[in-house]
Amino acid sequence: MNLVQEGPYRYRIEPTGPMRVPGVVFASRALLRDAEQALQQVANVATLPGVVEASYAMPDVHWGYGFAIGGVAATDPADGGVVSPGGVGFDISCGVRLLAADIDADGLRPVLRDVMDGLDRAVPRGMGKGAVWRLRGAEELTGILTGGSRFAVERGHGVPRDLDRCEDGGAVADADPGQVGARAVERGAGQVGSLGSGNHFLEVQRVAAVHDDAVAAAFGLRRDQICVMIHSGSRGLGHQVCTDHVRVMEREMPRYGIRVPDRQLACAPVESPPGRAYLGAMAAAANYGRANRQLLAEAARRVFERVAGVRLDLVYDVSHNLAKLEEHEIGGRRRRVCVHRKGATRAFPPGHPELPPDLRDAGQPVLVPGTMGTASYVLTGVPEGRAFYSTCHGAGRAQSRHQAARGVSGRDLRARLEADGIAVRASSWRGLAEEAPAAYKDVTAVIEAGEGAGLCRKVAELRPVGVVKG
DNA sequence: ATGTGC
């Protein structure tokens, strides 16, 4: 791959062959080591019909299904622009929710063990069934698919203020539950309010450093404060939606005369029946993911209140796997484009009209989960807002699950973390070992590259004091 | 990520 350095933390892949736009990669050389496959995927995405500006990659870019994880690409529906399920990923609306506690680390320490035991019992996780919310019937699932966190709050699972601190007010518009297949519904019915497995987690964290006092204060964060971070997605329902619509698009692509360099880039014009069907189903799955995090947050709130008399206020909830129709200035004019963010977080700058009034001057909270033993970050958007106001979403894997599990046993890893003062409540030793900190890139280097590339700004650093894993 | 998969 011919990478031309254009600036610090910025590389360009010149358009060759069927590429319609260049690739632009925001990273350091060190982060791009072993990223050859991912960079090829960035180039492949640049061939999609209607793609505008560039096929972008965030500092945590790594290989994924069709699109690289950490990929951002926008297409113009008025110019034959397509939507591709591979540009969103299997875990539709996977994302992060952060809650701030009205207690600091010293205050929580005497009851941390009880809080962790409470969370251990209250947070359904691991593969398969078990959920906080037992649905009463099909109408309730339809409500979730249409209303997301908004529906959950209407049914008493949360407070109205929560919705001010959710991306899209808690629900993506234009969801079409009718495009969510029977199998997806069947898989999703028993999982509303469940963490899942893999890199999904619920952590009790401490604000270890504040890098911008004013913005942190606007977000409701101060040094040494306790927080709860939830990283989860749309479970089996989102996975099945992706599977089903990829299959339809693979079949329908020839009808639209679309050729892609990789089958996994199956796509359809945004303005076509399969394109609209996917976007409707995707929005429904996204709402499921948001309701899921709302329910998990409620479970955590009940534990903190009961065990420690502590209140948890929502800081923000944001997805990092989603395609959205947004307006952006491209080539000197406003255009409505379909922005795919896969393992990339939207990062609105201060003053953005879609931010709630109390965040207007600070910018959008961007939540970046790290790994168990290291740190997570709170960032905010910046005015230059490159890549359609997007930034990184996490550390990015450096080792395969298999490699990671070979490197350390789950029991040893837990002992090591506990020795570092991190309480661990895992549901599977194997799953824990697969998520060992050594299996991930250095999240701090990712954040540094994001900041250096002008994608975001650091606000606070969070360190784990307790981990609940699937 | 995922009732890891033909």
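Chain naming here is simple, since letters A, B, ... match the order of the sequence lines and numbering starts at 1 in each. Remember, it's a predicted structure, so these values are computed and weren't measured experimentally.
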Length of the [atom1]-[atom2] vector between [X] and [N], whole Å:
X: A:Ile69; N: B:dT2; atom1: CD1; atom2: C1'; result: 13 Å
X: A:Glu186; N: B:dT2; atom1: CD; atom2: C1'; result: 15 Å
X: A:Asn321; N: B:dT2; atom1: CG; atom2: P; result: 11 Å
X: A:Tyr65; N: B:dT2; atom1: OH; atom2: C1'; result: 13 Å
X: A:Leu237; N: B:dT2; atom1: CG; atom2: P; result: 12 Å
X: A:Glu435; N: B:dT4; atom1: CD; atom2: P; result: 16 Å
X: A:Arg125; N: B:dT2; atom1: CZ; atom2: C1'; result: 18 Å
X: A:Asp91; N: B:dT2; atom1: CG; atom2: P; result: 6 Å

Looking at B:dT2, I'd like to know if its phosphate oxygens (OP1 or OP2) sit under 4.0 Å from a side-chain N or O belonging to A:Thr243.
no

Kindly say if A:Arg235 contacts the phosphate of B:dT2, meaning a side-chain N or O under 4.0 Å from OP1 or OP2.
yes

Upstream residue (5' side of DNA chain B) when A:Arg397 and A:Arg430 are each assigned their closest nucleotide:
A:Arg397

Has A:Arg97 got its NZ or CZ under 6.0 Å from the middle of the six-membered ring of A:Tyr316, at an angle within 45 degrees of the ring axis?
no

So [X], base contact, sugar-phosphate only, or nothing? Heavy-atom distance under 4.0 Å.
X: A:Glu434; result: nothing
X: A:Gly233; result: nothing
X: A:Arg183; result: base

Is a side-chain N or O of A:Glu435 found less than 3.5 angstrom from the main chain of A:Met372, in a donor-acceptor match?
no

Would you say A:Lys469's side chain and A:Val424's backbone share a donor-acceptor pair under 3.5 angstrom?
no

What pairs with A:Phe388 under ring-ring contact (aromatic ring centres under 6.0 Å, His included), at least two apart in sequence or on another chain?
A:Tyr56, A:His328

Looking at A:His320 versus A:His231, is the centre-to-centre ring distance below 6.0 Å?
yes

